[in-house]
Amino acid sequence: MRIWFKMMKGTHLIKDMTVTDESDDTRTHKIFKALDEACYAFDLGKPIWLDANVEEFKRHAKTRFTQDCFIEHVDFDFLEMHVIEED
């Protein structure tokens with residue numbers, strides 16, 4: 001599984017990274033581990049999954065975490081998480 005993370009401010013890409021996980025873990029575990037890895041690399045606290053994030057991710061394998069999802073203030077508009085390749 002490959003997951004692409006993009007940190008955006010307006011229409012500008014600030015940072016991005018791709019996390020690859022070829023383990024035998026469940027899809028959910030891979031997603032949470034990848035999010036942890038991206039947040040560590042971007043020096044962010046972990047976002048809270050709101051109901052809207054869960055529904056969007058179920059439908060499109062993609063979601064955006066905005067300021068509402070973070071406890072601390074963030075200097076970007078959203079962090080997008082997109083599954084670009086599944087096992």
Side-chain angles (χ1 to χ4, degrees):
M1 173 180 276
R2 285 185 22 203
I3 303 174
W4 185 21
F5 293 89
K6 297 187 288 185
M7 186 183 290
M8 303 289 292
K9 182 151 184 137
T11 58
H12 299 283
L13 177 66
I14 298 172
K15 295 179 184 177
D16 76 324
M17 72 178 289
T18 303
V19 176
T20 302
D21 188 337
E22 297 176 358
S23 69
D24 290 332
D25 259 346
T26 64
R27 181 178 193 261
T28 303
H29 285 141
K30 289 180 182 182
I31 289 163
F32 284 116
K33 284 194 316 190
L35 183 58
D36 288 348
E37 190 175 325
C39 288
Y40 182 79
F42 294 158
D43 194 27
L44 294 173
K46 287 189 240 178
I48 299 165
W49 285 79
L50 302 175
D51 291 341
N53 297 106
V54 173
E55 289 304 314
E56 183 180 33
F57 196 78
K58 283 181 185 176
R59 258 188 249 131
H60 306 292
K62 175 180 179 177
T63 193
R64 290 182 175 180
F65 297 104
T66 58
Q67 175 64 62
D68 294 342
C69 300
F70 293 92
I71 294 171
E72 74 277 356
H73 175 74
V74 294
D75 292 330
F76 54 87
D77 293 333
F78 61 87
L79 174 67
E80 184 173 281
M81 174 180 186
H82 185 184
V83 176
I84 53 176
E85 183 181 308
E86 296 228 26
D87 299 335

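Both backbone and side-chain heavy atoms feed into the values below; hydrogens, waters and symmetry mates do not.
- How far OG1 of T63 is from CG of L50: 8.5 Å, rounded to the nearest 0.5 Å.
- Cluster annotation: L44 and F57 are assigned to the same hydrophobic cluster (Ile/Leu/Val/Met/Phe/Trp/Tyr, side-chain heavy-atom contacts under 4.5 Å, transitive).
- The side-chain contact (heavy atoms from CB on, under 4.5 Å) search around D25 returns S23, H29, K30, K33, not counting sequence neighbours.
- Between W49 and L35, the closest side-chain pair of non-hydrogen atoms falls below 4.5 Å.
- The six-membered or imidazole ring of F65 lies away from that of F5, with a centre-to-centre distance of 6.0 Å or more.
- G45 approaches C39 most closely through the heavy-atom pair O-SG, 3.8 Å.
- Residues satisfying the salt bridge (charged side-chain N to carboxylate O under 4.0 Å, His left out) criterion with D36, sequence neighbours excluded, are K46.
- For E86, the salt bridge (charged side-chain N to carboxylate O under 4.0 Å, His left out) test picks out R27, with sequence neighbours left out.
- Annotation: salt bridge (charged side-chain N to carboxylate O under 4.0 Å, His left out) contacts of E22 (sequence neighbours excluded): none.
- Of the possible donor and acceptor atoms, none in the side chain of D21 sits under 3.5 Å from a partner among the backbone N and O of R2.
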Practice task
In sequence, state the C-alpha distance, the side-chain angles, and the governing distance for M81 and N53, and then conclude on side chain to side chain contact (heavy atoms under 4.5 Å, CB included).
Solution key: CA-CA 10 Å; M81 174 180 186; N53 297 106; over 6 Å; no
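- Note: the hydrophobic cluster containing V83 also contains L79 (ILVMFWY, side chain heavy atoms under 4.5 Å, direct or indirect links).
- Grouping the Ile, Leu, Val, Met, Phe, Trp and Tyr side chains by contacts below 4.5 angstrom, directly or via other members, places F32 with M1.
- H60 NE2 to E55 CD: the interatomic distance, rounded to the nearest 0.5 Å, is 10.0 Å.
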Between side-chain atoms of residues 6-18 and protein atoms elsewhere (two or more places apart, or another chain), which donor-acceptor pairs fall under 3.5 Å?
unit_1: K6; atom_1: NZ; unit_2: E80; atom_2: OE2; d: 3.1
unit_1: D16; atom_1: OD2; unit_2: W4; atom_2: NE1; d: 3.0

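- Cluster note: Y40 groups with no other residue, as no ILVMFWY side-chain heavy atom lies under 4.5 Å from it.
- Between Q67 and H73, the closest side-chain pair of non-hydrogen atoms falls below 4.5 Å.
- In terms of heavy-atom proximity, F70 sits nearest to T66 at CD1-O, 3.3 Å.
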